[in-house]
Participant: 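For reference, the structure I am asking about is given below.
Just so it is clear, the values below take in all heavy atoms, side chains as well, and ignore hydrogens, waters and symmetry mates.
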Amino acid sequence: MQDDHRADVAVIGAGIMGTAIVSRLIETGHKVSVFDLDAEKVAALQAKGAYAAGSVEDAVSRSAFCVLSLNHANIVRAVVFGEKGVSAAANADKVLIDMSSIDPAETADMATRLRRETGMAWVDCPLSGGVPGALSGRLTIMAGGSPEDFERARVVMRHLAANYTLMGASGAGQTTKLINQLFCAVLFQAVAEAVKLAEAGGVDPAAIPAALAGGRADSRILQEFMAKFAARDFSPTGRIDNMLKDLDSLQAFALKTKTPLPMTGAVVEIHRLLCSAGLGPKDSAEMMRLLDGFQAG
């Protein structure tokens, strides 16, 4: 039995976000089993106190909750339903918490299948807030699932999220994440253009966030990223190709629902151009290179 505050948690995926999630869960007293194909990443987390599982099945068999932090729906499907995957150790007492950002319809399909075949619950919990949010327990989590399963997952989410909101049935969290990414992508581009405009007008762009604080143009992205973009600080906070993946999902969803997104379409093509220039694995601040004519760096 789990108490109201701590749990045995399997985390599948030890990338940048997965590593931050594992670190936070260990810090807050959870017993964590981790699996990733990259042995070095697992070893680093094992040094912090995580159990290095031999397979996904091994990790899930030891845990009441299974957190997924993966990049694509096809990877999620393989991890859940493949050989020695989640389903091999699943039962009705366990909850899968998918913190990946994937297609809403595929999420709903996999959640239904997992419940039907094993009884295991599924709550889609895509996130906003990045590594700093995970490490401080200040993530914004937009969830999809039943109200009961949403509350069951709170045992884990209470230590990762400051804002944990149920948006509807399975897939609704993923739809809300697409909306989040729409805002982020468009605002990143707006910040980059504002930096160039300020520079052209002889205004220090790093002074803009304080000047606009509290006004209608204010936003977290303005406050957190304008000075970074202005300094051409390319230290990693999020990958351009990961944003493009989400934007491609967003456009596919918009096409399916016949939703016009003209501004988003332009920003998608800018991200595609950056990826074609080899900047996909880089930070969003690299958007400045395009506006600089690729002269910086």
Side-chain angles (χ1 to χ4, degrees), residues 1-39 41-70 75-76 78-100 110-111 114-115 117-127 133-137 139 141 143-162 164 166 170 173:
M1 289 290 293
Q2 304 294 332
D3 65 27
D4 291 337
H5 305 286
R6 304 292 183 268
D8 293 337
V9 185
V11 177
I12 311 304
I16 294 174
M17 278 308 306
T19 292
I21 289 166
V22 171
S23 298
R24 174 65 179 177
L25 292 176
I26 291 172
E27 179 187 330
T28 52
H30 297 278
K31 184 177 180 181
V32 183
S33 300
V34 62
F35 178 80
D36 192 280
L37 295 177
D38 189 324
K41 292 177 179 177
V42 174
L45 291 170
Q46 187 177 19
K48 293 184 176 183
Y51 167 75
S55 66
V56 174
E57 180 183 7
D58 178 27
V60 176
S61 69
R62 297 169 176 271
S63 308
F65 298 89
C66 173
V67 172
L68 304 183
S69 182
L70 304 167
I75 300 175
V76 171
V79 163
V80 175
F81 299 108
E83 184 179 0
K84 294 186 177 181
V86 173
S87 60
N91 60 52
D93 294 327
K94 299 178 186 287
V95 179
L96 185 149
I97 300 170
D98 185 20
M99 300 185 75
S100 315
M110 287 188 282
L114 186 67
R115 175 88 73 176
E117 294 181 358
T118 72
M120 187 173 183
W122 184 307
V123 183
D124 47 299
C125 289
L127 60 90
L135 292 175
S136 63
L139 290 172
I141 302 289
S146 73
E148 178 186 10
D149 295 334
F150 171 79
E151 289 301 327
R152 291 171 68 190
R154 193 183 293 275
V155 173
V156 176
M157 290 296 102
R158 65 186 298 169
H159 292 118
L160 293 173
Y164 176 50
L166 180 62
S170 294

Participant: Could you tell me if the side chain of Val86 sits less than 4.5 Å from the side chain of Leu96, heavy atoms only?
Facilitator: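 Sidechains of Val86 and Leu96: in contact.
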
Participant: Any non-hydrogen side-chain atom of Cys66 less than 4.5 Å from a side-chain atom of Met120?
Facilitator: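 Answer yes - side chains close enough.
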
Participant: Write down the atom of Gly49, the atom of Ile26, and the distance for their closest heavy-atom approach.
Facilitator: C-CD1, 4.1 Å

Participant: Out of curiosity, Arg152 CZ to Ser146 OG, how far, rounded to the nearest 0.5 Å?
Facilitator: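 Arg152 atom CZ to Ser146 atom OG measures 8.0 Å (nearest 0.5 Å).
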
Participant: Is the closest side-chain donor-acceptor distance between Ser55 and Asp58 under 3.5 Å?
Facilitator: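 Short answer, no.
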
Participant: Let's go through Asp149 and Arg115 carefully: what are the C-alpha distance in whole Å and the side-chain angles of both, what is the deciding distance for side chain to side chain contact (heavy atoms under 4.5 Å, CB included) to 0.1 Å, and is it a yes or a no?
Facilitator: CA-CA 12 Å; Asp149 295 334; Arg115 175 88 73 176; 2.4 Å; yes

Participant: For Gly145 and Leu166, which heavy atoms make the closest approach, and how far apart are they?
Facilitator: O-CD1, 3.5 Å

Participant: Can you find a side-chain donor-acceptor pair between His159 and Arg6 that sits under 3.5 Å?
Facilitator: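 Yes, a side-chain donor-acceptor pair sits under 3.5 Å.
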
Participant: Looking at Ile141 and Ala161, what are the two nearest heavy atoms and their distance?
Facilitator: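 Closest heavy-atom pair between Ile141 and Ala161: CG1-CB, 3.4 Å.
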
Participant: Does Asp8 reach the side chain of Ser33, with side-chain heavy atoms less than 4.5 Å apart?
Facilitator: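 Heavy-atom side-chain distance check fails, nothing below 4.5 Å.
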
Participant: Considering non-hydrogen atoms only, spot the tightest contact between Val123 and Tyr164 and give its length.
Facilitator: CG1-OH, 4.4 Å

Participant: Side chains of Leu160 and Met99: does their closest heavy-atom pair fall under 4.5 Å?
Facilitator: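 Yes, close enough: below the 4.5 Å cut-off.
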
Participant: To the nearest 0.5 Å, what is the distance between OH (Tyr51) and CG (Leu45)?
Facilitator: 14.5 Å

Participant: Check whether any side-chain heavy atom of Phe81 sits under 4.5 Å from a side-chain heavy atom of Glu117, and report yes or no.
Facilitator: yes

Participant: If you round to the nearest 0.5 Å, how far is CD1 of Ile12 from OG of Ser100?
Facilitator: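 Answer rounded to 0.5 Å: 10.5 Å.
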
Participant: Counting N and O atoms only, with roles assigned by atom type, does the side chain of Lys94 sit under 3.5 Å from a partner on the main chain of Val60, one being a donor and the other an acceptor?
Facilitator: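 Looks like yes, one N/O pair under 3.5 Å.
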
Participant: Do Lys48 and Ser23 have a side chain donor and acceptor closer than 3.5 Å?
Facilitator: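 The answer is yes; a qualifying pair exists.
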
Participant: Taking atom OG1 of Thr19 and atom CG of Leu135, what is their separation to the nearest 0.5 Å?
Facilitator: 9.5 Å

Participant: Surrounding CD1 of Ile16 (heavy atoms of other residues, nucleotides or ligands, distance under 6.0 Å), is the total greater than 12?
Facilitator: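 Atom CD1 in Ile16 is not crowded, with 12 or fewer foreign heavy atoms closer than 6.0 Å.
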
Participant: Can you tell me how far apart CG (Asn91) and OG (Ser61) are? Round to the nearest 0.5 Å.
Facilitator: 10.5 Å

Participant: For residues Val80 and Leu68, determine if any side-chain heavy atom of one lies less than 4.5 Å from a side-chain heavy atom of the other.
Facilitator: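 Touching, per the 4.5 Å side-chain cut-off.
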
